[in-house]
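Okay, so here's the structure we're looking at.
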Amino acid sequence: LDAEGNFNVSTNLLTATKLEYSQVRFRIIAPVTPVNFDANPITVLGLTAVISPLTKDDDNLLPSISQDTQIEIEGYIDGSGNLNADDLTNKGLPDNNNTRLRGPVNNIVNPIFQILGVNVDTSSSTLIVNGSVANQATFFSALADGAEVDINNATFSSVTNTLSGG
């Protein structure tokens, strides 16, 4: 929750003129097949994202695609854990080696953690903490459940539900 307004130092009260609730965000860039995109909700990386009338679709991907396509989905995670798409973007030809996933992490056991239930194997990843390259120990000591993590330039295995590389 972000609040803006006037703070009274004698009463320790903030009179808010603006309140903004910040939702947990997600981002997916991955190949999708027509069969996984021809419905609402859509499925990408085994994750289900709900499309609404408010979903921005400047590339006219909806209601369906005719061929395998690399897409980007950005949105928020509601209180029930549903992925709600705010924006869909066509990223061109499918590229399984340029997959990206951003969201909150959990189930952290070095060298693996999960983002939205997708396994992330960092064994061959370049790890970055606060803008600097880090080793496994430093990265995992800085990682906590719920932290937002972004893996990009990764490869997805649907057999193991795992992103690796990046």
Side-chain angles (χ1 to χ4, degrees), residues 1-2 19-129 139-140 142-166:
L1 182 66
D2 291 326
L19 291 174
E20 183 177 327
Y21 175 73
S22 299
Q23 296 165 317
V24 178
R25 305 289 300 168
F26 75 91
R27 181 178 187 187
I28 303 167
I29 298 177
V32 66
T33 61
V35 70
N36 288 326
F37 197 81
D38 194 22
N40 186 13
I42 59 175
T43 303
V44 182
L45 298 180
L47 300 170
T48 302
V50 177
I51 306 299
S52 80
L54 300 177
T55 302
K56 183 179 171 188
D57 179 25
D58 291 341
D59 294 330
N60 297 311
L61 293 165
L62 297 172
S64 65
I65 56 175
S66 60
Q67 62 186 21
D68 292 0
T69 305
Q70 189 88 350
I71 66 163
E72 177 177 11
I73 305 172
E74 292 186 272
Y76 68 93
I77 304 165
D78 67 21
S80 298
N82 298 312
L83 304 183
N84 296 277
D86 287 337
D87 193 14
L88 299 174
T89 306
N90 184 338
K91 293 297 200 178
L93 296 174
D95 184 355
N96 193 49
N97 296 316
N98 187 21
T99 300
R100 181 173 191 169
L101 180 61
R102 180 181 66 212
V105 303
N106 67 346
N107 297 326
I108 302 165
V109 180
N110 186 351
I112 298 173
F113 57 85
Q114 290 184 333
I115 300 176
L116 303 172
V118 176
N119 299 315
V120 177
D121 183 349
T122 65
S123 299
S124 62
S125 300
T126 301
L127 304 172
I128 299 178
V129 176
F139 179 82
F140 277 88
L143 198 57
D145 278 354
E148 186 176 288
V149 172
D150 188 352
I151 180 168
N152 56 59
N153 297 316
T155 302
F156 179 69
S157 167
S158 59
V159 174
T160 60
N161 190 41
T162 301
L163 283 166
S164 57

[Y] side chain reached by [X] side chain, heavy atoms, under 4.5 Å:
X	Y	answer
Asp68	Val32	no
Asn161	Phe156	yes
Asn90	Ile71	no
Phe140	Thr122	yes
Asn107	Ile112	no
Asn106	Phe113	no

Any Lys/Arg nitrogen of [X] or [Y] sitting under 4.0 Å from an Asp/Glu carboxylate oxygen of the other?
X	Y	result
Asp150	Arg100	yes
Glu148	Arg102	yes
Glu72	Arg27	yes

Hey, is the main chain of [Y] close enough, under 3.5 Å, to the side chain of [X] for a donor-acceptor pair?
X	Y	value
Asp59	Leu61	no
Ser125	Gly165	yes
Asn84	Asn82	yes
Thr69	Gln67	yes
Ser123	Asp121	no

Taking all non-hydrogen atoms of both residues, which atom of [X] and which atom of [Y] are closest, and how far apart?
X	Y	value
Ile77	Arg25	CD1-O, 4.3 Å
Val105	Ala144	CG2-O, 3.4 Å
Val44	Ala30	CG1-CB, 3.6 Å

With side-chain contact (heavy atoms from CB on, under 4.5 Å) as the criterion, how do Ile42 and Leu88 come out once you've worked through the C-alpha distance, each side chain's angles and the decisive distance to 0.1 Å? CA-CA 11 Å; Ile42 59 175; Leu88 299 174; 4.2 Å; yes
TODO: Let me see the working for Thr155 and Asn96 under side chain to side chain donor-acceptor pair (under 3.5 Å), right down to the final yes or no.
DONE: CA-CA 6 Å; Thr155 302; Asn96 193 49; 5.3 Å; no
Between Asn119 and Gln114, is a side chain to side chain donor-acceptor pair (under 3.5 Å) present by the stated rule, with each step listed?
-> CA-CA 4 Å; Asn119 299 315; Gln114 290 184 333; 3.0 Å; yes
inquiry  = Assess the residue pair Lys56 and Asp86 against the criterion (side-chain contact (heavy atoms from CB on, under 4.5 Å)); give the C-alpha distance rounded to whole Å, side-chain angles, the decisive distance to 0.1 Å, and a yes or no.
reply    = CA-CA 6 Å; Lys56 183 179 171 188; Asp86 287 337; over 6 Å; no
In this structure, CG of Asn98 is separated from CG of Leu93 (nearest 0.5 Å) by 12.0 Å
d(Thr126 OG1, Phe139 CZ) to nearest 0.5 Å is 11.0 Å
Side chain to side chain contact (heavy atoms under 4.5 Å, CB included) filter on Ala154, not counting sequence neighbours, yields Ile151, Leu163
Requested in this report: Evaluate the side chain to side chain donor-acceptor pair (under 3.5 Å) criterion for residues Thr55 and Asp57: first the C-alpha distance (whole Å), next the side-chain angles of each, then the deciding distance (0.1 Å), finally the verdict.
Outcome: CA-CA 6 Å; Thr55 302; Asp57 179 25; over 6 Å; no
Could you walk me through whether Val50 and Asn40 satisfy the side-chain contact (heavy atoms from CB on, under 4.5 Å) test, starting with their C-alpha distance in whole Å, then the side-chain angles of each, then the deciding distance to 0.1 Å, before giving a yes or no?
CA-CA 6 Å; Val50 177; Asn40 186 13; 4.1 Å; yes
From CA spacing to verdict: side-chain contact (heavy atoms from CB on, under 4.5 Å), Leu83, Ile73 = CA-CA 10 Å; Leu83 304 183; Ile73 305 172; over 6 Å; no
